[in-house]
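Quick notes on the structure that follows.
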Amino acid sequence: MNLEGLRVIELTHWVAGPLAGQILGEWGADVIHVERAGTGDVTRGNGPFYQGESLYYRSFNRDKRSISLDITKSEGLEILLQLIETADVFITNYTASYLERCGLNYDVIKARNPKVIACYISAFGLYGRYKDKKALDMVMQAMSGQMACNGDPDGIPFKTGTITGDYNGAYQAVQGILIALWGREHTGEGQLVDVAITDALICGLEWRIVEQRLTGKTCLRTGNRRPTVAPCNLYPAKDGYVYIAASSQKMYEGLARLIGDERLNDERFANNTLRVQNVEELEAIICSWLKDKSCDWLVPMLEKAGVPNGPLNTPMDLANGDYVDEKDLVIEVEDPVLGKIPMMGTPIKMSSGYRSEHRGAPKLGQHNREIYQGLLNWSDEKLHEMAEAGLI
């Protein structure tokens, strides 16, 4: 079983909204991406490019159909609302103020389709002091406290190397949509799903806000260490880096036996609390042991000792290796312009329901005719008129 038969109207741009739609499309939903007439999704112009085509856009827009539409005009808004009347789900990640100006608040949508699940994804949500503030992923990382926790203790804060906020927001949105769809099965009614990406990142601060409120203090940047566990860090070996996370007493004892240095049995390292307090001395011993060890030797030895570990992989290592193929994390997609190309798959594995054949990211307005004529019963003449008027 999958999401076949579920229709999604997606008025989105950039990443979080399109990715949420793509996830639903991967599992069988009919996802219709409504793009700006004439220009389309802004990421169509974003690199990196391959043969002049954006890989950025293609990373978040496969397994869906594309139509073009100008919703800033009253006729265009009415067309969108007619499409929403046919839908199970509506997704947008435009700001609340833009949607208000266009006449696309939830009350309007609910009046046209009381059963639709309307998912609004934005930086700060539909209410609160920042609801109209625009923000990209890096701004949300900064305002959420996540960036303050990332970097060396004595250095400046750093963003993560990838757009973790947008990915987080997309998956939170899909979760909210699926919960709301399950609720509709029991009530027959749709509902509003409001996902604020910054809030999602704040909720990922683990214990820090709670600790601050209870004790007046908490931790920020600890580099690659975990602030509550030792040893837990990225360590240099002879020919690379290995992350070692001996997070329990049993794991630490396994590591100590493997290293074979009597100093690791010292009272300073008797339990995790003491190891955290004396982490500099502890890691000096570990680093001394690691300096003449190769990663290929270390990983299986640590594994045998029961110590969680892993080599530091780059994206190039993963692209040139076979793990991503073994786990079907890279799939083959038939692109309408580039032909067959590799794209990232899904981390969600189920016994059934995932598309066996994937539709590449569409050209702008590629499906105008089949959607406007198929869903709204437009004639060829009306299709031509709307195109000439710049509405589609």
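Identified under the ring-ring contact (aromatic ring centres under 6.0 Å, His included) test for residues 311-353, with sequence neighbours left out: none.
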Next item on the list: Step by step, work out the side chain to side chain donor-acceptor pair (under 3.5 Å) result for D41 and H13.
Entry: CA-CA 5 Å; D41 189 314; H13 59 169; 6.0 Å; no
Margin query: Applying side-chain contact (heavy atoms from CB on, under 4.5 Å) to Y372 and H367, what does each step give before you reach the verdict?
Written below: CA-CA 8 Å; Y372 286 129; H367 303 95; over 6 Å; no
Next item on the list: Could you walk me through whether V242 and K293 pass the side-chain contact (heavy atoms from CB on, under 4.5 Å) test, one step at a time?
Entry: CA-CA 11 Å; V242 175; K293 308 292 190 302; over 6 Å; no
Notebook entry, point to check: Does the pair E211 and T218 meet the rule for a side chain to side chain donor-acceptor pair (under 3.5 Å), with working shown?
Noted result: CA-CA 6 Å; E211 183 185 36; T218 192; 2.6 Å; yes
Next item on the list: Kindly indicate, with the supporting measurements, whether the criterion side-chain contact (heavy atoms from CB on, under 4.5 Å) is fulfilled by T228 and W207.
Entry: CA-CA 11 Å; T228 57; W207 64 87; 3.7 Å; yes
Checklist line | Full working for side-chain contact (heavy atoms from CB on, under 4.5 Å) between C287 and Y235 | finding: CA-CA 7 Å; C287 287; Y235 297 99; 3.9 Å; yes
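Residues that satisfy the side-chain contact (heavy atoms from CB on, under 4.5 Å) test with Q373, not counting sequence neighbours, are R369, W378, D380, L383. Here Q82 pairs with E78, R112, L376 under the side-chain contact (heavy atoms from CB on, under 4.5 Å) rule; sequence neighbours left out. With sequence neighbours left out, F158 forms a side-chain contact (heavy atoms from CB on, under 4.5 Å) with N150, I156.
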For a quick test of your reading: what N or O donor-acceptor pairs under 3.5 Å do the side chains of residues 15-26 make, sequence neighbours left out?
from: Q22; atom 1: OE1; to: N61; atom 2: N; distance (Å): 2.8
from: Q22; atom 1: OE1; to: R62; atom 2: N; distance (Å): 2.9
from: Q22; atom 1: NE2; to: S59; atom 2: O; distance (Å): 3.2
from: E26; atom 1: OE2; to: R62; atom 2: NH2; distance (Å): 2.3
from: E26; atom 1: OE2; to: Y354; atom 2: OH; distance (Å): 2.8

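In terms of heavy-atom proximity, V333 sits nearest to G360 at CG1-CA, 3.2 Å. Minimum interatomic distance between W27 and S352 (heavy atoms only, all atoms of both residues): CZ3-O, 3.8 Å. Scanning both residues, G176 and V193, for their nearest heavy atoms gives O-CG2, 3.8 Å. Looking at every heavy atom in both residues, I109 comes nearest to A118 through CG2-CB, 4.4 Å. Closest heavy-atom contact between P153 and G223: CD-N, 3.9 Å. For P231 against I286, the heavy-atom pair with the smallest separation is CB-CD1, 3.5 Å.
Inter-residue side-chain proximity for C232 and R225 is flagged as unmet; no heavy-atom pair is nearer than 4.5 Å. Side-chain atoms of L234 and L312, non-hydrogen and from C-beta on, do get closer than 4.5 Å to each other. In this structure, L201 and T198 have side chains that are not in contact, with every pair of non-hydrogen atoms separated by 4.5 Å or more. Looking only at side-chain heavy atoms (C-beta outward), V276 and V279 stay at 4.5 Å or farther from each other. You'll find the side chain of V8 stays beyond 4.5 Å of the side chain of I177, heavy atoms only. In this structure the side chain of V330 reaches within 4.5 angstrom of the side chain of D325, judged on heavy atoms. By the 4.5 Å heavy-atom criterion applied to side chains, N46 and W14 are counted as neighbours. Taking the side chain as every heavy atom from C-beta outward, T95 and K131 never approach each other to under 4.5 Å.
With respect to the salt-bridge test (charged N to carboxylate O, under 4.0 angstrom), the residues K73 and E75 do not qualify. In this structure, D88 pairs ionically with R184, as a charged nitrogen and a carboxylate oxygen lie closer than 4.0 Å. Taking a cutoff of 4.0 Å between a charged side-chain nitrogen and a carboxylate oxygen, E334 and R359 do not qualify as a salt bridge. Using a 4.0 Å cut-off between charged nitrogen and carboxylate oxygen, R65 and E370 count as a salt-bridge pair. Taking a cutoff of 4.0 Å between a charged side-chain nitrogen and a carboxylate oxygen, D335 and R58 qualify as a salt bridge.
A distance-only check finds no donor-acceptor pair linking the side chain of S288 to the backbone of I285 [under 3.5 Å]. When atom types are taken as modelled, the side chain of D152 and the backbone of G155 share no donor-acceptor pair closer than 3.5 angstrom. Judged purely by atom type and a 3.5 angstrom limit, T86 uses its side chain to pair as donor or acceptor with the backbone of L83. Not a single donor-acceptor pair under 3.5 Å links the side chain of N168 to the backbone N or O of I197. Between the N278 side chain and the R268 main chain, a donor and an acceptor come within less than 3.5 Å of each other. In terms of modelled atom types and a separation under 3.5 Å, the side chain of T92 and the main chain of L11 share a donor-acceptor contact. Under a 3.5 Å cut-off, the side chain of Y120 and the backbone N or O of Y106 do form a donor-acceptor pair. Between the side chain of R208 and the backbone N or O of C219, at least one donor-acceptor pair lies under 3.5 Å. No donor-acceptor pair under 3.5 Å is formed between the side chain of N309 and the backbone N or O of Y243. With Q249 contributing its side chain and A270 its backbone, the two residues share a donor-acceptor pair below 3.5 Å.
By the rule that hydrophobic residues join a cluster once side-chain heavy atoms approach within less than 4.5 Å of another member, Y57 and I32 end up as members of separate clusters. Linking Ile, Leu, Val, Met, Phe, Trp and Tyr residues whenever their side-chain heavy atoms come within less than 4.5 Å leaves L126 and I91 in two separate clusters. Side-chain heavy atoms closer than 4.5 Å link hydrophobic residues (I, L, V, M, F, W, Y) into clusters, and following such links, possibly through other members, connects V174 to M350. Note: the hydrophobic cluster containing I9 also contains L99 (ILVMFWY, side chain heavy atoms under 4.5 Å, direct or indirect links). L136 and V42 fall within a single hydrophobic cluster, where Ile, Leu, Val, Met, Phe, Trp and Tyr side chains are chained together by heavy-atom contacts under 4.5 Å.
When only modelled atom types and interatomic distance are considered, T72 and D70 share a side-chain donor-acceptor pair under 3.5 Å. Between S66 and E35, the side chains place a donor N or O and an acceptor N or O closer than 3.5 Å (distance only, hydrogens not considered). Side-chain atoms of T12 and E10 include a donor-acceptor pair closer than 3.5 Å. One side chain, S68 or N368, offers a donor N or O that lies under 3.5 Å from an acceptor on the other. Using modelled atom types, one finds a donor on one side chain and an acceptor on the other under 3.5 Å when comparing D317 with T314.
No more than 12 heavy-atom neighbours from other residues, nucleotides or ligands sit within 6.0 angstrom of NZ on K217. Atom CD of Q212 has more than 12 neighbouring heavy atoms from other residues, nucleotides or ligands inside a 6.0 Å radius. Taking a 6.0 Å sphere around OH of Y50, one finds it holds 12 or fewer heavy atoms contributed by other residues, nucleotides or ligands. Enclosure of atom CG in N271 by more than 12 non-hydrogen atoms of other residues, nucleotides or ligands within 6.0 angstrom is indicated. Around the OH atom of Y171, the shell of radius 6.0 Å holds more than 12 heavy atoms that belong to other residues, nucleotides or ligands.
Grouped by direct or indirect side-chain proximity (heavy atoms under 4.5 Å, Ile/Leu/Val/Met/Phe/Trp/Tyr only), V139 sits with F124, Y130, M143.
At least one test fails for R275 against the ring of F269: distance under 6.0 Å to the centre or angle within 45° of the axis.
To the nearest 0.5 Å, the span separating CG on L69 from CG on L80 amounts to 6.0 Å.
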